[in-house]
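All values reported here derive from a predicted model rather than from experimental measurement.
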Amino acid sequence: AGAPDCAVPSPASTPTLCSSKKRCRKVSFGFSETLAYIETTSELTEEEKRTRWYQSIELDEMKSSARKLCQLESKGQDISEDESTRGMDVYFPSRQRNQKRFVE
C-alpha cells in the first residue's frame, strides 16, 4: 500500500505529511519537563526583595566607580587588569567617533 496523503497525528510528535512522490519524514519531540519554578515579585517577601536587587546607594556607588575609572583611562593612566571600561563608550568621545565609522 502507498503512503497516506494526509496528516496523521501521533503522540508526542508533529503530524506526518506525505505525498505519493516523496518519502515521509516525521519529527518528534520528547515530553516536556519543568526545570525550575520562577517566582513573581508579588510572591517575594520584603527581605527577599532587598537581598536580590541592588539598592539605590549600591547603584550610585557603581556609577561613581565607573566614572572614576573612565576619567583615569582618559588621562592615560593605567587601570588594573581586574577592571575594564568595556561598554562605557558613551564616556569616551574618541570611541564614539571610531564606532560611528564602523556602524555607518
> Restricting to pairs with a member in residues 52-69, which pass side chain to side chain donor-acceptor pair (under 3.5 Å), not counting sequence neighbours?
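For residues 52-69: Glu39-Arg52.
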> Does Thr40 have any side chain to side chain contact (heavy atoms under 4.5 Å, CB included) partners at least two apart in sequence or in another chain, and if so, which?
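If we apply the side chain to side chain contact (heavy atoms under 4.5 Å, CB included) test to Thr40, skipping adjacent residues, the hits are Ser42, Glu43.
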> Test of understanding: with salt bridge (charged side-chain N to carboxylate O under 4.0 Å, His left out), list the residues that count as partners of Glu47, not counting sequence neighbours.
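Glu47: salt bridge (charged side-chain N to carboxylate O under 4.0 Å, His left out) contacts with Arg50.
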> List, by chain and then residue number, the residues other than Leu35 in its hydrophobic cluster (Ile/Leu/Val/Met/Phe/Trp/Tyr, side-chain heavy atoms under 4.5 Å); write none if there are no others.
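Reading the cluster by chain and number, Leu35 sits alone, since nothing else belongs.
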> Tell me every residue that passes side chain to side chain donor-acceptor pair (under 3.5 Å) with Ser32, counting only those two or more places apart in sequence or in another chain.
none
> Nearest heavy-atom pair of Leu69 and Ser84: which atoms, and what distance?
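The answer is CD2-O, 3.5 Å.
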> What residues form a salt bridge (charged side-chain N to carboxylate O under 4.0 Å, His left out) with Lys49, not counting sequence neighbours?
Glu46
> Restricting to side chain to side chain donor-acceptor pair (under 3.5 Å), what partner residues turn up for Asp78, sequence neighbours left out?
none
